[in-house]
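Given the structure is predicted, the values throughout are model-derived calculations rather than measurements. A, B, ... follow the sequence lines: proteins, then strands. Residue 1 opens every chain.
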2 protein chains.
Amino acid sequence: MTKSSRATITDVARAAGVSLSTVSRVMNGNASVDAAMAERVRLVAAELGYSANPLARSLVLGRTQTIAVVIPDLANPTFQAILRGLSRAAADDGYHVLIADSAEQVETERALAETTRRRTDGVILCAPRLPAGELAELLPTLAPVVVVNRPPQESAPTVAADYRTAMAELVAHLYGLGHRRLVFLSGVVGSASGAARRAALAEARTAHPDLEILELPSGVDFDSGAAAADAVRATGATAVLAFNDLVAMGLLSAVAARGVRVPEDLSVVGFDDIPFARYTAPPLTTAAVPAAELGRRAWDAMSALLAGDPAPASSVLTPEVVVRASTAAPPAS
Amino acid sequence: MTKSSRATITDVARAAGVSLSTVSRVMNGNASVDAAMAERVRLVAAELGYSANPLARSLVLGRTQTIAVVIPDLANPTFQAILRGLSRAAADDGYHVLIADSAEQVETERALAETTRRRTDGVILCAPRLPAGELAELLPTLAPVVVVNRPPQESAPTVAADYRTAMAELVAHLYGLGHRRLVFLSGVVGSASGAARRAALAEARTAHPDLEILELPSGVDFDSGAAAADAVRATGATAVLAFNDLVAMGLLSAVAARGVRVPEDLSVVGFDDIPFARYTAPPLTTAAVPAAELGRRAWDAMSALLAGDPAPASSVLTPEVVVRASTAAPPAS
DNA sequence: CTGTTAGCGCCTTCAT
DNA sequence: ATGAAGGCGCTAACAG
């Protein structure tokens, strides 16, 4: 009737004929222990397959060696890439990551962040649509916390891509090609990066009085891109700025089905440069958001916070425009 | 000098003038407590913003309300979908998910599974390349554990897609179109689903003596598909079975650059039906692996295990072939 | 129905 | 250098 549950520190102590504290000390390399005794303890521990219960350690140490990441949509390639970069960077430093997919439910984001926070040492928050006010008041309750893709915050370091500049460059690319009438497929309302994109558009309009930029609401996925095809054509625009690559792909596909040629009849640009953007027909011109790098940096910032270092500065990366085959000069009218 | 750390059960008990147990009881709805007293406790708890420390609960209860999932590659759309289905299903049942991306390092998979297991209540293991023997000996140390996309196991329920049957149907589709000489881009060695695919091929060869199926090694991503283009053409095959959609996409792209038309000159089928498969040029014929559903079922199995129900039967889903535009009759020779 | 007591497994002063 | 004892925050017998 041997009890086959896992060995505890008590078992090891007893088997080695020492006290709990001694075992604890040798396992953690704290203080100094007689060499022979230490060796014996290590041996016994190995024999018993002992290693400290992480839960118990977490409770007493007050840290879990785990961070939480809240993501609005695990189906979105950009968030997937952020998660990947983050997860690998954290793993390299011996940290685990708890994921919380809010499935686009903005209302639950706060609760999600707060509950996961309690089981972890900090949270990385990707909440593009959480209203700025709510975000600001949520942040202090979450510390340590780092925010992804939002403007700099008072009470948390921020890691973000510069959507505004990238959008400006996309517009410049199109303008340089000769386009004067564009449509922006604007994604869902209330997203932070959407606001940044829109700001770039406003600036472009004042900089180029001869440039017209229309705005059409859309979603953020394939279907909404496809659904926008007719509306896009109806505007008479010669180029379209899709909210992201997914929307661009949906549009590309729907528009092809209607016999319009890209880029001869219509230029299309995406946003994000997801891995698939180079495999569309035609390959998509887009702005490359370094999502995995964003994730890595988010971890770096969190890591600094956890180490008690001075709060890291907000870091921002500027996406580069990658010109592929979905853009060209407008058709001669 | 108010201590602003979080309220503990002791604080609530003191503030409400009752004992710890009473607070615990009302918070958990256990036993029965005098209505008025319960109400007072609830009020105080709310005022203090109290809710039980999950770490402490985990320690005493012996459960963490969290499961671990080990994934070989967070960059692979199929695993992303499994993770998503899993994560949402678990969340619906109030469970959290700890992710462990082994980044294709088979050697670390075991350690990863074992460490994450200790901080969680169970693990969902996706380890397509872990040798069968190692898997079998690892499983008992992990219980409760559910295995994804591997043959049925002795000591763990299994959730899998039937890669063999799907592959057979893909071959049948091509054979029916008139193809008699195929190439299989076989992915990395040692993967369980790869073995299943290969088994289907062997059967097809004996069933159709006039059918020739060559095999070309490849990786599992875009680049390896692209890299195989010349070798594929050199075989003179009229159709290719790519290991997965990623490989197919890379191939499609490389082959287009060489001026070969798909499907007129060459038919191409993928595997998995990732979301992008319908947006390739041409849209990809492939076998639709219901990855998110796989994730959901993995959770269902885990949930049963956690509840102490009899071990759930292994469940298998058969992917459906979805015919799009990348396949057609072979060119008239 | 309520309060007291004993742990869950571990780390860490505090003595020795 | 080592051991004893207290406590992390909570739940679950056990009395009353």
Closer than 4.0 Å, any side-chain N/O of [X] to the OP1 or OP2 of [N]?
| X | N | value |
| --- | --- | --- |
| S19(B) | dT4(C) | no |
| R57(B) | dT11(D) | yes |
| N53(B) | dC8(D) | no |

Is it true that [X] and [Y] have a side-chain N and a carboxylate O under 4.0 angstrom from each other?
| X | Y | result |
| --- | --- | --- |
| R117(B) | E114(B) | no |
| D73(A) | R88(B) | yes |
| R14(B) | D11(B) | yes |
| E104(B) | R129(B) | yes |

Measure the distance from [atom1] on [X] to [atom2] on [N] and round it to the nearest whole Å.
| X | N | atom1 | atom2 | value |
| --- | --- | --- | --- | --- |
| L55(A) | dT11(D) | CG | C1' | 15 Å |
| R63(B) | dC10(D) | CZ | P | 15 Å |
| L20(B) | dT5(C) | CG | C1' | 11 Å |
| R14(B) | dT2(C) | CZ | P | 20 Å |
| R118(B) | dC8(C) | CZ | C1' | 13 Å |
| I9(A) | dC8(C) | CD1 | C1' | 14 Å |
| N30(A) | dT13(C) | CG | C1' | 13 Å |
| N28(A) | dT12(C) | CG | P | 7 Å |

Worksheet item: Does R6(B) make a side-chain donor-acceptor contact with the base of dG9(D), cut-off 3.5 Å?
Response: no

Discussion item. Under 3.5 Å, is there any donor-acceptor pair linking the side chain of S24(A) to the base of dT12(C)?
Written reply: no

Item to complete: Remember a base hit wins even if backbone is also touched, and classify S21(B) as base, sugar-phosphate or nothing at under 4.0 Å, heavy atoms.
Response: base

Item to complete: Answer with base, sugar-phosphate or nothing: what part of the nucleic acid does V60(A) contact at a heavy-atom distance below 4.0 Å?
Response: base

Side chain of [X] only, please: which of [options] is the nearest?
| X | options | result |
| --- | --- | --- |
| S32(B) | dC10(C), dT2(D), dC1(C) | dC1(C) |
| V33(B) | dC11(C), dG9(C), dT2(C) | dT2(C) |
| D34(A) | dA1(D), dG3(C), dT13(C) | dA1(D) |

Practice prompt. Please assess L135(A) against L125(A) for the test side chain to side chain contact (heavy atoms under 4.5 Å, CB included), listing each intermediate value before the final yes or no.
Written response: CA-CA 10 Å; L135(A) 178 64; L125(A) 190 60; 3.6 Å; yes

Practice prompt. Would you mind telling me which of T66(B), T120(B), T64(B) makes a side-chain contact (heavy atoms from CB on, under 4.5 Å) with H96(B)?
Written response: T66(B)

Worksheet item: Considering the terminal five base pairs at each end of the helix from dC1(C)-dG16(D) to dT16(C)-dA1(D), what angle separates the two local helix axes, rounded to 10°?
Response: 50°

Worksheet item: How far does OG of S87(B) sit from CG of L98(B), to the nearest 0.5 angstrom?
Response: 12.0 Å

Worksheet item: Will you find, in the side chains of R57(A) and N28(A), an N or O donor that is under 3.5 Å from an N or O acceptor?
Response: yes

Practice prompt. Assign each of L59(B) and T22(B) to its nearest nucleotide of DNA chain C by heavy atoms, then name whichever residue's nucleotide is nearer the 5' end.
Written response: T22(B)

